[in-house]
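To start, the structure itself, in structure tokens.
The chains referred to below are lettered A, B, ... by the order of the sequence lines, with proteins before strands, and numbering in each begins at 1.
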There are 2 protein chains.
Amino acid sequence: MLSDTRSAILTAAERLYAARGFADVTLRDIVAEANVNLAAVNYHFGSKDELITELFVSRSLATNRERLNELKAAEAAGGGRAPIDQVLRALVGPTLRGCLGPDEQRSDAARFMIRASVEAIAPIHKIRNREIDHLRKFAAAMRRSLASVDEVEIYWGLHFALAMAHQTIRDSERLQKLSEGRCDLDDVDGVIDRVVAVAATALGAAAKADKPAARRGR
Amino acid sequence: MLSDTRSAILTAAERLYAARGFADVTLRDIVAEANVNLAAVNYHFGSKDELITELFVSRSLATNRERLNELKAAEAAGGGRAPIDQVLRALVGPTLRGCLGPDEQRSDAARFMIRASVEAIAPIHKIRNREIDHLRKFAAAMRRSLASVDEVEIYWGLHFALAMAHQTIRDSERLQKLSEGRCDLDDVDGVIDRVVAVAATALGAAAKADKPAARRGR
DNA sequence: GATGGTTTCATACAAGTGTTTGAATTGCAA
DNA sequence: TTGCAATTCAAACACTTGTATGAAACCATC
């Protein structure tokens with residue numbers, strides 16, 4: 001049976017890290033949010049780093065599971081091979097849905113994971129290699145979907161898709177200001193469509209030529 | 001005449017922040033790197049935050065100047081209007097060149113700016129609005145280049161171009177591992193070509209339809 | 001109801017942080 | 001050289017951080 005205090009700490013830490021980042025959230029902030037005693041953190045987790053590690057591992061597994069579920073559903077519907085846009089959608093959809101859109105729909109877990117992937121925090125950096133194994137599954141699905149595309153292009157496409165999704169979450173405020181509100185970031189499905197469309201187009205172009213567009217102007 | 005100590009502090013801070021991020025670089029680290037006394041920072045800058053602010057403003061102006069120079073050169077050659085790929089190249093080229101490629105070619109300034117744009121550090125967050133004015137100039141150049149493209153698509157294209165460039169810098173290690181070295185990140189011009197090509201393709205597709213590619217699979 | 005392990009609590013601790021201080025040192029003009 | 005402002009320096013300051021301690025409270029089991 002999991003201690004009540006234990007999960008209260010995890011939830012509070014997740015919420016605070018998601019909202020304010022790792023830099024200026026202290027153990028005292030966390031225990032205040034969780035309404036528990038300061039010493040409870042070290043009692044239940046051993047140290048602050050171990051708390052962060054456990055939180056990251058737990059949320060990382062959950063996110064990966066969600067993405068793989070979407071992927072498997074898409075591939076099952078297509079007889080073991082899903083259209084590239086559905087593969088990409090499974091990759092970027094869960095995180096985008098968890099970070100954008102109406103407040104009540106956002107998840108602290110998704111925003112925590114974004115912070116964790118961006119801020120170079122010591123305990124997380126050591127574990128992050130596991131994410132590569134997870135991404136490899138998507139690279140494999142993309143190759144099944146686009147058999148004629150060179151493997152290198154697959155990696156670049158996957159990388160760019162994640163880049164666009166990630167940065168859209170992180171810099172949504174800047175894009176709003178820059179476009180003076182004309183870019184609608186509350187239309188989460190629209191954003192997902194855009195990211196998927198651009199990445200799929202890039203991969204589609206790669207299917208027709210081994211090299212990207214001709215270089216000019218150097 | 002600028003004090004020797006003053007610029008030594010700026011240089012040391014830039015190098016350390018570029019290499020290790022803001023989180024775990026202390027004033028004592030900086031003064032050790034600069035070979036000056038601890039109190040020199042507060043004497044010359046007033047506070048740590050003011051040091052960071054001055055550093056960010058200075059490097060930000062330099063980066064923006066470099067990008068605008070490339071843009072103006074391209075537009076001058078085209079009679080006030082540059083091809084979209086050259087506009088995009090002026091936007092992402094300087095930073096990518098300063099952050100990727102051979103060590104001796106990298107600039108602490110470029111890597112410092114990446115850190116500054118990623119890590120939510122208080123003194124910088126207040127100034128970062130100025131970057132929007134700078135990006136607006138590129139949005140305007142893109143509209144001159146692609147008169148038929150809807151304004152919203154311009155913003156999305158600019159945003160995605162920066163996203164791909166940024167993330168490629170930040171996650172170059174992951175991409176290397178994921179692709180087992182098959183994605184050549186030392187070929188800086190090749191990377192720039194890829195980013196520019198994908199962004200330009202996305203904008204080109206937008207020129208043919210008001211909406212991005214049809215939505216599927218919801 | 002007593003017992004003993006588990007959990008909570010107030011408090012203290014050592015280490016590290018940015019900042020301040022006041023005395024030394026420097027550099028330059030009179 | 002003398003005088004004075006600008007700069008450097010070692011030391012200390014006030015504060016915050018994560019962690020450790022030992023007593024108190026809790027709680028199921030006998």
Side-chain angles (χ1 to χ4, degrees), chain A residues 1-58 112 115-116 119-127, chain B residues 1-58 112 115-116 119-127:
Chain A
M1 177 65 184
L2 278 182
S3 154
D4 205 21
T5 302
R6 215 185 130 84
S7 61
I9 292 174
L10 282 171
T11 304
E14 177 181 52
R15 171 157 48 239
L16 290 181
Y17 284 141
R20 307 190 345 219
F22 291 91
D24 56 19
V25 172
T26 72
L27 283 189
R28 284 168 177 81
D29 294 332
I30 294 173
V31 298
E33 175 87 9
N35 277 312
V36 302
N37 187 271
L38 173 61
V41 173
N42 286 276
Y43 177 78
H44 284 283
F45 297 93
S47 70
K48 184 189 189 184
D49 278 8
E50 289 173 86
L51 162 63
I52 294 179
T53 299
E54 174 162 338
L55 191 54
F56 178 75
V57 169
S58 150
F112 168 82
R115 297 279 196 186
E119 296 176 28
I121 208 71
I124 288 179
H125 198 266
K126 297 174 182 172
I127 326 173
Chain B
M1 176 63 185
L2 278 182
S3 153
D4 205 21
T5 302
R6 214 184 131 83
S7 61
I9 291 174
L10 282 170
T11 305
E14 177 180 52
R15 171 159 45 241
L16 290 182
Y17 284 139
R20 297 172 15 200
F22 292 91
D24 57 20
V25 171
T26 71
L27 284 188
R28 285 168 176 81
D29 293 333
I30 294 173
V31 299
E33 175 87 9
N35 275 313
V36 303
N37 186 272
L38 173 60
V41 172
N42 287 276
Y43 178 79
H44 284 283
F45 297 91
S47 69
K48 185 190 188 185
D49 277 8
E50 290 175 86
L51 162 63
I52 294 179
T53 299
E54 173 161 340
L55 190 54
F56 178 74
V57 170
S58 150
F112 168 82
R115 296 278 197 187
E119 295 176 27
I121 208 71
I124 288 180
H125 199 267
K126 298 175 183 173
I127 326 173

Rounded distance in Å - [atom1] ([X]) to [atom2] ([N]):
| X | N | atom1 | atom2 | answer |
| --- | --- | --- | --- | --- |
| A:L51 | D:dG18 | CG | C1' | 12 Å |
| A:N42 | C:dT11 | CG | C1' | 14 Å |
| B:F22 | C:dT17 | CZ | P | 17 Å |
| A:D24 | C:dG18 | CG | P | 14 Å |

Checking side chain to side chain contact (heavy atoms under 4.5 Å, CB included) for the pair B:F56/B:I121: CA distance, chi angles, key distance, verdict?
CA-CA 11 Å; B:F56 178 74; B:I121 208 71; over 6 Å; no
So which heavy atom on [X] is nearest to which on [Y], and how close?
| X | Y | result |
| --- | --- | --- |
| B:K48 | B:Y17 | CE-OH, 3.5 Å |
| A:L27 | A:V41 | CD2-CG1, 3.8 Å |
| B:I127 | B:T53 | CD1-CG2, 3.2 Å |
| A:A12 | A:E33 | CB-CG, 3.5 Å |
| A:E14 | A:F112 | CG-CB, 4.1 Å |

If we ignore hydrogens and angles and just use 3.5 Å, is the side chain of A:D29 paired with the main-chain N or O of A:T26 as donor and acceptor?
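Such a contact is found between A:D29 side chain and A:T26 backbone.
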Produce a footprint string for nucleotides 6-12 of chain D: one letter per nucleotide, 5' end first; B if the base is under 4.0 Å from any protein heavy atom, S if only the sugar-phosphate is, - if neither.
SBBBB-B
With a 4.0 Å heavy-atom cut-off, tell me which residues in residues 9-21 of chain A come close to DNA chain D, sorted by residue number.
none
To the closest 0.5 Å, what do you measure between NE2 (A:H44) and OG (A:S7)?
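Reported to 0.5 Å precision, the distance equals 9.5 Å.
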